[in-house]
S.K.: 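Below is the structure I would like to discuss, written out as C-alpha cells.
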Amino acid sequence: MTSTASSHKKYTSLAFKRVFKSRIVNMILALGASIVAVIIAISATIVQNNFTYAQAKKVIGDTDITFEAIAVAVILTIISGFFSLSVVPKMFKQIYKKQSCDSYFSVPIKREEYFVANYFYGVLVNVLCFVIPLLIYIFSASIASNKYINYVFEYKILIPVAIDLLFAVIAIYSAFVMCAVISGKRIQYLFLSLICLICTSTTLAGIAVKVNSIWGLELNLSTLSSISPVENAISAVLSQENIPAQVVISIIEIVGMFVVGYIAFKNRKAEVAEMSLSGKIVPYILLAVLSSAAFFYSATGNGVIDLVVGLILAVLITMVFSAVFYKKPFTRETAITTACVCGVCTILSVGVMLPIFNGYVKYVPDTDKIESVKVSTLDEKESYTGLAGLFNSDISDFVDGESITLTDKENIEKVVALHNRTVDNDVIKVARKNSNSMLRLMLFLGDDLSNDYQMNVSYKITYKLTNGMTVERSYDAPNTLIAKQYFDVLQTEEALSQLSPFDIKNDKVLAYDCTNYFHNAEKYNNYDVYYEPDTVELKGFDIDKFNEALMKDYLAMEQNFFMDSFDQFQSSRFDKEGIYNYNENVCELKVYYATDKMTDEELAKYKKMSKSQLMTAIDEDWDDKIPAESTSIPICKKETNTINYLNSCGAGIKVQ
C-alpha cells in the first residue's frame, strides 16, 4: 500500500498547503499589524479634518490626500520588511541546526519544492499585507467624504508609486530568502542581508562620486543606487521620474535572487549546516561588494589619505567577514577576492585623482568648433535617494536648475574660459580638499575644519558642436577660484535676458509691489527706517522699460557689486563678504507674473482681479494650482538708471 505522504504527485501543492497551515498565525499577525497602522492613519486624517472643517461647518471641497496615501504605502513597506526579516529564518530554521538537518533534508518532498512553497507563501503574505490595507485606506477616505470635505487621490501619481513599492517589497523579501538559504547561522543571515540591502548602493554611489568629482561626467546616483531593493523603494517616494525603470530593476532582482536561492538550497549539503555558507560563487560576490563598499565609504574624498584609509577599512571588514563565515581572519579565497577588489578600486581612484595630464578629463572644445553652449545650475536634492547618503557625507545627487544658452562668439569664449579655469590644476587641488569622506571627518583628518575649506558651486556645461556632436561636463568647483570667470559669463546681455526679471514681459505681469526702505525717513528723525519700509504705488509702470534700465545698470556694474545685486544662478553660493556695507539696497520691486502654463482664459481672469484679491488668491494657493510665480528684485543705490526710472513712476527713492 502506498501512502499519500509518499506519493510523488503534487508535492509543491502539498508543500505549500503545509507551509501555509504552519505559518498562518504569522500571516494573520502581519496583516493585522498593517491594517491597524492604516486604520490609525485614516482615522487621524478624518478626525482632524472633520474637527477642523465639519464641526465649523466650513465647506472646503476637494482635499487631495495622495501624499498621505503614499506615506501609508511607505509604512506598509516598512512593516512588510520587518515581517520578512523575522519570518524568513523561521521558514528554513532546520538548516541552522545540525541535529535537524538529516531529518529535514530526508523528507519525501524535494528540497526545491519545499523552497518554492516557502518562497511563494512569503510573496503572498507580503502582497496581501501591502495591497489590502492600502485599499482599505482609499476606500475609507472615499466613504468618509461629506458635504464639507471630499477626499480625492491623484491616481496617476499614487498607482505607479504603489506598484514600485510593492515590487520593492517583494525584492527585499527575495533578498532575505536568498541570504537565509545561503547562510549557516542566523548571524550570517543578518550579515548577508546588510550587504545586499545597503552595501550595493554604497559601492555604486562611491564609484559615481569619484567619476563625477573631477572627470566632469554626470552619473545619476538615483538610477545607479536603485539596484538595491531598499534604495529602489526610497527612490520611488522621493522621485517619480524613473519608476518604470525601477520596476524593471526590481523584477530582475526578484528573478535573480529567487534563482540563486533555489539553486543554493537545492544543492545544499546537510553536513554544512551551522558551519559555513552554501555555494561557491555567491559568497565571494557578496564579499567583493562588502569590501568595495568599505573602500568607497572612506575613499570618496580625492586624496592619498582617503585611499589608504579606504584600503585599511576594506581589509579590516573583510577580516570580520571571514571570521564570521569561516572562523578564520583570512582564507585564501577571501584574501584573493579582497586583493582583486582593492586593486580595481585603487586603479579607479588613482585614475580619477590624476587629472594633470591632457586628454579626456581636461578636454575643452575649441571655440571655433562650438555652435552654441548651454550652462545649467545643478541644485542638490533635499536628501540623497537613500541609505548610502547616511554613510558618506560626499554622496549627494543633483538635478538641473536654471539654464542659459549662448550663441554669441564672445560669450562662448567666456564659457570656455570658465571651463579651462575649472579644470586647472590649482582649482582641482583645492577641489580635492573640499571632498572628504565622513570617516575622514570623524578622524579629523580632513580639511573641512580648516581655513582652506571653500563652498562649492555646481554647474553643467553642454556644448553643441558644429559637427552635430554634443559634449557635456558637470563640475563641483570651489567658488572663490572660479568666481571671476563664472560672473563674466553671467554679466552679459545674452545671459541676463534669459533670466528673471528680464524674461518677464508686460503681457505676463499680474501685479507688482514697490517697497521703499527710506521713503518716510524724515518723519522718523532722519534715521534710516530699514525695518519699517513703506509700500509705494507706482504710476505708469512698464516692466519692459524697467528691465531696460536694470540691464544697463547690471552691465555697467563692477563685478563685486554685480555679485551682490544679482541673486540668481547660484550667486548665493559665492563669497560676497564685505560688499553689503557699500552696496546697500534702497528698495525692492516684487513682480507677480503668469507662467507659460497659464492659459489665455486664466490670464484674463487673474488680470481682472484687484491687487488685493490676487495677492489673497496666491497666498492661499497651498497646492500650487495657480500657474503664477513671483520674483523680488532688490535695488541698490548704485543702480542709478533703475532708480531714476522708478522715481519717474512715483517711487520717491532717496539715496542716503
Side-chain angles (χ1 to χ4, degrees), residues 212 216-218 220-222 239 241 370-383 396-408 411-412 414-419 421-422 455-464 470-479 482-505 508-510 543-544 546-547 550-551 553-555 557 559 562-576 588-598 624 626-634:
N212 290 348
L217 303 179
E218 190 181 13
N220 188 285
L221 301 184
S222 302
S239 174
E241 298 174 0
I370 302 172
E371 181 180 312
S372 64
V373 58
K374 179 181 178 182
V375 182
S376 307
T377 62
L378 292 176
D379 299 325
E380 189 171 345
K381 290 183 179 178
E382 292 183 3
S383 60
S396 55
D397 214 354
F398 294 89
V399 293
D400 288 0
E402 291 185 287
S403 65
I404 52 174
T405 301
L406 307 173
T407 57
D408 183 81
N411 294 334
I412 291 176
K414 292 179 178 179
V415 176
V416 170
L418 169 64
H419 194 171
R421 177 59 179 165
T422 303
M455 184 178 289
N456 282 356
V457 59
S458 306
Y459 71 95
K460 179 168 69 176
I461 300 176
T462 305
Y463 297 102
K464 183 179 179 181
T470 298
V471 175
E472 187 172 276
R473 293 289 185 271
S474 302
Y475 296 102
D476 201 32
N479 56 12
I482 66 167
K484 182 183 183 306
Q485 292 77 14
Y486 190 88
F487 284 98
D488 279 344
V489 173
L490 296 181
Q491 200 175 8
T492 61
E493 185 171 354
E494 188 178 22
L496 291 173
S497 62
Q498 300 174 53
L499 301 170
S500 178
F502 302 105
D503 60 342
I504 304 174
K505 302 304 178 185
K508 296 291 186 180
V509 175
L510 300 174
I543 188 70
D544 291 337
F546 170 82
N547 285 339
L550 186 64
M551 179 72 78
D553 287 327
Y554 275 179
L555 295 178
M557 202 176 286
Q559 194 166 91
F562 174 74
M563 290 170 62
D564 183 25
S565 299
F566 183 72
D567 193 27
Q568 286 193 68
F569 233 72
Q570 293 183 325
S571 64
S572 61
R573 298 188 67 84
F574 285 85
D575 184 10
K576 298 175 282 188
E588 180 180 82
L589 182 71
K590 188 168 186 178
V591 180
Y592 298 85
Y593 60 96
T595 66
D596 293 335
K597 295 180 180 179
M598 184 175 287
D624 294 327
I626 300 178
E629 293 181 0
S630 66
T631 185
S632 296
I633 308 107

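Throughout, residue positions are numbered sequentially from 1 according to the sequence presented. Only a predicted model underlies this, so the values are computations on that prediction, with no experimental measurement involved.
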S.K.: Could you point out which residue of His419, Lys374, Arg473, Glu472 forms a side-chain hydrogen bond (donor to acceptor under 3.5 Å, both in side chains) with Tyr463?
M.R.: His419
S.K.: Hey, does Thr492 have a side-chain heavy atom less than 4.5 Å from the side chain of Asp408?
M.R.: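 Heavy-atom side-chain distance check fails, nothing below 4.5 Å.
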S.K.: Drop me the distance from Gln568's CD to Glu402's CD, to the nearest 0.5 angstrom.
M.R.: 4.5 Å
S.K.: When rounded to the nearest 0.5 angstrom, what distance separates OG in Ser571 from CZ in Phe562?
M.R.: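 That separation rounds to 8.0 Å.
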S.K.: Is there a donor-acceptor contact under 3.5 Å from the side chain of Gln491 to the main chain of Met557?
M.R.: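 A pair under 3.5 Å: yes.
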S.K.: CZ/Arg421 to OH/Tyr475 distance, rounded to the nearest 0.5 angstrom?
M.R.: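 The CZ atom of Arg421 sits 14.0 Å away from the OH atom of Tyr475.
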S.K.: Any donor-acceptor pair under 3.5 Å linking the side chain of Asn547 with the backbone of Pro501?
M.R.: yes
S.K.: Considering residues, nucleotides and ligands other than Lys590, do more than 12 of their heavy atoms fall under 6.0 Å from its NZ?
M.R.: no
S.K.: I want to check something: taking the side chain as every heavy atom from C-beta on, are Val489 and Leu406 in contact at a cut-off of under 4.5 Å?
M.R.: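 The answer is yes, as the side chains (C-beta and beyond) meet within the 4.5 Å cut-off.
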S.K.: Within the structure provided, determine whether Val416 and Ile370 are in side-chain contact (heavy-atom separation under 4.5 Å).
M.R.: yes
S.K.: Taking all atoms of both residues into account, what is the closest heavy-atom pair of Gln485 and Ala417, and its distance?
M.R.: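 Closest heavy-atom pair between Gln485 and Ala417: CG-O, 4.0 Å.
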S.K.: Is there any salt bridge (Lys or Arg N to Asp or Glu O under 4.0 Å) pair reaching into residues 483-502, and which pairs are they, with sequence neighbours excluded?
M.R.: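 Applying salt bridge (Lys or Arg N to Asp or Glu O under 4.0 Å) to every pair that reaches into residues 483-502, excluding sequence neighbours, yields Lys484-Asp488.
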S.K.: Over 60° means perpendicular and under 30° means parallel, so tell me whether Tyr459 and Tyr486 are parallel, tilted or perpendicular.
M.R.: perpendicular
S.K.: Does Tyr593 form a side-chain contact (heavy atoms from CB on, under 4.5 Å) with Ile543? I'd like the steps, not just the answer.
M.R.: CA-CA 11 Å; Tyr593 60 96; Ile543 188 70; over 6 Å; no
S.K.: Going from CD on Gln498 to OG1 on Thr405, what distance comes out if it is rounded to the nearest 0.5 angstrom?
M.R.: 5.5 Å
S.K.: Would you name the heavy atoms of Ala477 and Ile482 that are closest together and state the gap between them?
M.R.: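 Shortest heavy-atom separation between Ala477 and Ile482 comes out as CB-CD1, 3.9 Å.
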S.K.: Answer whether the closest heavy-atom distance between the side chains of Ile633 and Phe546 falls below 4.5 Å.
M.R.: yes
S.K.: For Thr631, give me all partners under side chain to side chain donor-acceptor pair (under 3.5 Å), at least two apart in sequence or on another chain.
M.R.: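 Here the qualifying residues are Ser500.
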S.K.: Rounded to the nearest 0.5 Å, how far apart are CG of Leu555 and CG of Leu550?
M.R.: 9.5 Å
S.K.: In Å and rounded to the nearest 0.5 Å, what is the CD to OG1 distance from Glu371 to Thr407?
M.R.: 9.0 Å
